[in-house]
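Counting convention: from 1, in listed order, for ligands and their atoms alike.
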Amino acid sequence: MVYLDNNATTPADPEVVDAMLPWLREKFGNPSAACAPGREARKAVETAREQAAALIGASPEEIIFTSCGTESDNTILQSALRLDPDRQEIVTTPVEHSAILKPAEALARRGAVIRHLSVSADGLADPSELERTLSDDTALVTVMWANNETGVIQDIPRLAEIAASKGCLMHTDAVQAAGKVPINVSAAPIHALSLSGHKLYCPKGIGALYIRKNTRFHPLLLGGSQEGGRRAGTEPVALVVAFGKACELARLRLEAEAERLRALRDRFEAAAVAMGAAVNGGGAPRLPGTSNISFEGADSEAVLILLDKAGVCCSAGSACTSGSLHPSHVIVGMGLGTARARSALRFSFGRFNTEADVDAALAALKAALERVRETAAARPGPGAFAGGPPLRAE
Ligand code: PLP
């Protein structure tokens with residue numbers, strides 16, 4: 001199999017698995033317990049906290065462990081609206097992950113006001129629009145660092161400066177950006193940032209939330225006093241250790257890996273463009289390993305099925321929304337239209353991909369597109385590539 005869906009999830013790195021194994025076998029202490037196994041577990045958890053903090057330029061005490069990126073996102077949204085009854089607005093973008101958009105919708109049903117900034121055709125939010133949108137009612141600005149579908153990178157430090165100048169909290173969902181591009185939360189007034197382990201070559205079930213020192217905060221989970229009283233529940237030590245190791249590896253390899261992935265992505269994209277692809281978000285700064293392309297008229301689900309049959313794994317839209325038959329809200333949010341959205345394919349390259357994977361994917365893509373074209377040509381009426389109805393693989 002050629003796995004090019006690393007933005008959906010990454011395979012665990014063997015070094016990460018090795019780090020966690022002792023905590024699944026012989027080591028079992030509760031980090032809140034005072035006895036020797038507990039103290040050993042506490043030490044491991046605190047080491048992981050240091051490793052996670054180092055990845056984003058934070059201090060260890062600014063990191064709390066959560067179960068996933070979704071929990072981190074939900075936690076900060078609900079917290080922000082509980083701080084000041086006069087600030088009940090959240091400003092965000094239409095291209096956020098559903099882990100932001102859905103809880104925001106739920107909060108709106110309970111009276112909050114959600115304002116969506118527009119994004120350009122390349123997927124970028126406009127700082128001056130943020131400036132105009134913020135008011136004394138705004139509690140939180142939440143804009144993702146990098147988009148999961150297109151890889152488009154927002155200017156988070158600039159947006160954070162604007163939010164801070166109006167007294168608003170700034171949160172960024174950095175689930176896709178962390179470990180792929182440099183992040184330094186101390187260089188800008190970023191109050192909160194979400195991370196997820198399974199995008200970082202760590203097993204699923206662990207995430208983290210950065211909360212800047214002295215930022216007021218309401219926990220989502222109440223109970224024990226774990227995580228400095230900010231997230232109750234006994235820490236899953238094995239996963240926490242794995243997450244710490246994953247953050248450390250990502251930090252140490254970031255620069256070289258970004259260069260390697262960019263080369264793989266560019267090799268892929270140049271050939272795809274020669275086959276007729278339009279690159280979604282191509283004019284914006286992007287994550288090094290993400291390519292979102294549309295062959296307009298070629299229904300992405302049809303191409304995806306053929307690629308899957310050929311052993312190439314990629315996705316249409318995000319893993320969380322694929323299969324829903326809705327065109328990608330990200331491509332639609334960029335104003336590129338439903339035809340472009342319905343034909344969008346995401347190829348996301350990762351740590352274990354090689355040039356041979358790129359070439360195999362390109363060969364499979366070429367064959368899949370030919371098949372879809374043939375099917376279209378055999379149909380009565382205009383073919384798919386002449387603007388006909390979306391095609392399904394047969
Ligand atoms: N935010 C972004 C940008 C994501 O890509 C994802 C997962 O795809 C999430 C949040 C949710 O993270 P998790 O799967 O850890 O809940």
Side-chain angles (χ1 to χ4, degrees), residues 3-12 16 52 55-56 63-78 90 92-105 119 123-125 140 142-154 156 159 171-181 183 190 192-210 220-221 231 236 239-240 242-243 246-247 250 281 284 286-287 289-292 313-324 328-331 333-334 344 346-350:
Y3 185 74
L4 300 179
D5 205 12
N6 289 276
N7 284 15
T9 196
T10 51
V16 169
L55 180 63
I56 57 166
I63 300 291
I64 62 172
F65 293 112
T66 63
S67 64
C68 58
T70 300
E71 182 188 326
S72 302
D73 286 348
N74 275 258
T75 300
I76 199 67
L77 259 61
Q78 66 79 34
I90 292 175
T92 187
T93 80
V95 296
E96 300 299 305
H97 191 270
S98 51
I100 290 289
L101 295 176
K102 295 280 177 175
E105 270 171 31
V119 294
L124 288 169
L140 179 77
T142 175
V143 177
M144 67 207 317
W145 199 295
N147 186 272
N148 47 303
E149 294 188 23
T150 59
V152 167
I153 297 172
Q154 303 288 347
I156 295 299
L159 299 176
H171 166 255
T172 181
D173 176 335
V175 162
Q176 292 291 345
K180 297 175 189 159
V181 291
I183 292 179
I190 296 166
L193 177 148
S194 301
L195 298 171
S196 172
H198 74 102
K199 314 289 185 181
L200 280 168
Y201 308 93
C202 174
K204 292 151 195 66
I206 182 81
L209 178 64
Y210 155 81
L220 183 66
L221 297 187
R231 201 270 188 184
L239 284 168
V240 166
F243 185 76
C247 288
R286 282 184 298 155
L287 294 176
T290 304
S291 181
N292 191 303
C313 187
C314 66
S315 71
S318 75
C320 310
T321 50
S322 67
S324 66
S328 154
H329 74 281
V330 173
I331 309 297
M334 290 157 72
R346 178 185 69 185
F347 295 83
S348 45
F349 303 90

**Request:** Check for a donor-acceptor pair, side chain of Asn147 on one end and backbone N or O of Val152 on the other, with a separation under 3.5 Å.
**Result:** no

**Prompt:** Has the side chain of Thr150 got a donor or acceptor atom that lies under 3.5 Å from a matching backbone atom of Asn292?
**Reply:**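 Not a single qualifying donor-acceptor pair exists.
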
**Item:** Tyr3 vs Thr10 side-chain heavy atoms within contact, under 4.5 Å
**Value:**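 Result no, sub-4.5 Å side-chain heavy-atom pair not found.
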
**Prompt:** Do Arg231 and Leu209 come within less than 4.5 Å of each other through their side chains, counting heavy atoms only?
**Reply:**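 Not touching, per the 4.5 Å side-chain cut-off.
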
What are the atoms of ligand 1, with element, lying closer than 4.0 Å to any heavy atom of [X]?
| X | value |
| --- | --- |
| His198 | 13 (P), 14 (O), 15 (O) |
| Thr70 | 11 (C), 12 (O), 13 (P), 16 (O) |
| Asn148 | 3 (C), 5 (O) |
| Ser196 | 13 (P), 15 (O) |
| Met144 | 3 (C) |

**Asked** How would you list, by chain and number, every residue that makes a salt bridge (charged side-chain N to carboxylate O under 4.0 Å, His left out) with Glu96, sequence neighbours excluded?
**Response** none

**Request:** Before signing off on this row, confirm whether Ala8 and ligand 1 have an N or O atom pair separated by under 3.5 Å.
**Result:**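 No - when backbone and side-chain N and O of Ala8 are compared with those of ligand 1, no distance drops under 3.5 Å.
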
**Message:** I want to know if ligand 1 touches Asn7 in the polar sense, i.e. an N/O pair below 3.5 angstrom.
**Reply:** no

**Request:** Would you mind telling me if ligand 1 is within reach of the side chain of Lys199, the backbone, both or neither, using heavy atoms under 4.0 Å?
**Result:** side chain

**For Ala246, side chain to side chain contact (heavy atoms under 4.5 Å, CB included) partners two or more places apart** = Val16, Leu200, Cys202

